[in-house]
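The structure displayed is predicted, hence computed values, not measured ones. Below, read A as the first sequence line, B as the second, and so on, with proteins coming before strands; counting in each chain starts at 1.
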2 protein chains.
Amino acid sequence: MADINFSKGSVASDSQEAASPGPRAGEFRWDIIELLFFAYRDFVGDADNELEAFGFGRAHHRVMHFVYRYPGLKVADLLDVLRITKQSLGRVLKQLLDEGYIIQKTGNNDRRQRLLYATPKGEALVAKLAGLQTDRITRALRDINPEGVAAISEFLRAMIDRDDPDKVLEAIFGIGSKKPRE
Amino acid sequence: MADINFSKGSVASDSQEAASPGPRAGEFRWDIIELLFFAYRDFVGDADNELEAFGFGRAHHRVMHFVYRYPGLKVADLLDVLRITKQSLGRVLKQLLDEGYIIQKTGNNDRRQRLLYATPKGEALVAKLAGLQTDRITRALRDINPEGVAAISEFLRAMIDRDDPDKVLEAIFGIGSKKPRE
DNA sequence: AATTTATGTCAGCCATGTTGACATATCTTG
DNA sequence: CAAGATATGTCAACATGGCTGACATAAATT
């Protein structure tokens with residue numbers, strides 16, 4: 001039979017309860033925690049498979065995606081969004097530039113800036129990957145009514161940290177505030 | 001001003017439309033795609049911060065989580081769930097065993113098997129991390145009604161590949177089928 | 001003119017994934 | 001029982017994509 005024991009109803013995590021500042025016994029959202037794990041795993045898996053054919057990895061996808069979606073994004077913005085170091089970004093960005101998926105344009109106001117744009121080649125890649133992911137999402141939403149879809153969107157938004165949002169998040173959340181320095 | 005150009009309504013990805021087998025112009029779920037990215041980033045970020053204090057990484061968390069949740073999980077099951085190689089698993093599993101977060105018991109029926117169990121120390125770690133993530137989830141669900149929560153759960157389930165589910169997914173989806181060989 | 005900012009780059013380290021080869025113990029089967 | 005299959009562990013090498021630290025350049029700001 002199953003050698004998995006599911007009887008974890010009343011969690012036995014009383015052992016070191018002293019160091020447990022948050023939740024009381026038993027009310028963990030194991031369901032959502034695990035669903036998020038598997039859903040995200042398969043969601044990004046769609047793109048991962050395709051990317052192999054291009055010799056790219058997830059890092060390239062993330063860069064391409066946001067450059068395509070927010071044309072003219074500055075390098076600094078991209079660093080905020082991806083939350084990686086410029087050295088890490090530099091590595092993949094260089095490849096995408098060299099291979100003609102992205103082009104840089106010098107900023108008009110500030111000529112130190114390198115504004116990033118997807119080339120047609122880059123757009124095609126993003127569209128292909130977004131197509132796969134959209135297919136999965138569309139399938140998953142098929143039997144869910146508009147109120148349900150709204151709840152899903154609301155939930156995902158509420159899962160995101162709102163303190164110190166980057167430019168892309170400001171766009172997504174439509175934050176008009178956030179001192180427009182520059 | 002904003003140097004992000006949002007005018008991506010009518011996507012200009014017509015360039016290499018020949019190689020676009022999937023979706024027609026314009027109907028990508030950019031909203032959900034990006035919300036999933038940011039939501040998951042911040043969701044796992046909770047755990048990542050805590051893990052540093054233990055000298056562990058995400059890989060350790062994933063192993064601990066599933067071992068705790070499904071006591072007596074076999075190594076082979078874990079490999080199915082995590083979809084990594086046994087060498088990768090071996091590295092983190094060895095540390096967790098050495099440091100007393102997990103113990104192994106020899107299988108009763110099959111003495112080749114190593115059944116995995118979280119020790120109290122391991123349970124405490126999992127509980128701490130799950131507490132953080134549960135807090136975030138609870139916050140995000142706060143203003144959503146039961147129908148909405150059901151839709152969210154349904155959506156996440158539908159995002160997961162159902163072909164060839166591993167033991168944990170069988171548990172989650174309550175699949176009674178799947179020939180119980182062994 | 002001096003300083004700060006935006007970007008790029010070199011060098012090396014770490015975590016975590018991969019493949020391939022092989023060892024051991026144990027179960028299953030002819 | 002002997003042979004083969006299975007479950008696990010381990011060694012070695014390599015790839016990806018994070019990281020830190022140091023430093024260079026050009027352009028903006030003060």
Does A/S88 place a side-chain N or O at less than 4.0 Å from the phosphate oxygens OP1/OP2 of D/dC19?
-> yes
Are any of B/R62's side-chain N or O atoms less than 4.0 Å away from OP1 or OP2 of C/dA15?
-> no
What's the CZ-C1' distance between B/R83 and C/dT19, to the nearest Å?
-> 19 Å
What is the distance from CZ of B/R41 to P of D/dG18, rounded to the nearest Å?
-> 13 Å
Nearest-Å distance, CG (A/N108) to P (D/dA27)?
-> 14 Å
CG of A/L96 versus C1' of D/dG17: gap in Å, rounded?
-> 14 Å
If a protein heavy atom is under 4.0 Å from the base, mark B; if only from the sugar-phosphate, S; if neither, -; do that for nucleotides 8-16 of chain D going 5' to 3'.
-> BBBB-----
How about A/H65 and B/E34: does a side-chain donor come under 3.5 Å of a side-chain acceptor?
-> yes
Separation of A/N49 atom CG from C/dT18 atom P, in whole Å?
-> 13 Å
Counting only side-chain N and O atoms of A/T85, is one of them less than 4.0 Å from OP1 or OP2 of D/dC19?
-> yes
Parallel under 30°, tilted from 30 to 60°, perpendicular over 60°: which one fits the rings of A/Y40 and A/F43?
-> tilted
Do any pairs count as a salt bridge (charged side-chain N to carboxylate O under 4.0 Å, His left out) and have a residue in residues 99-110 of chain B, sequence neighbours left out, and if so which ones?
-> B/D110-B/R112
Of A/F56 and B/D110, the one whose closest DNA chain D nucleotide lies more 5' | B/D110
Atom CG of A/L82 to atom C1' of D/dG18: distance rounded to whole Å?
-> 12 Å
So do the side chains of A/M64 and A/L96 get within less than 4.5 Å of each other, counting heavy atoms only?
-> yes
Taking B/D42 for the side chain and B/G45 for the main chain, is one N or O donor matched with an acceptor at less than 3.5 Å?
-> no
Check: A/T134 main-chain N/O paired with B/R29 side-chain donor or acceptor under 3.5 Å | no
Please give, in whole Å, the distance from C/dT16 C1' to B/L89 CG?
-> 12 Å
Identify which one of A/R58, A/R62, A/R41 satisfies the salt bridge (charged side-chain N to carboxylate O under 4.0 Å, His left out) criterion when paired with A/D48.
-> A/R58
Whole angstrom is fine here: how far is it from CZ in B/F54 over to P in C/dA15?
-> 17 Å
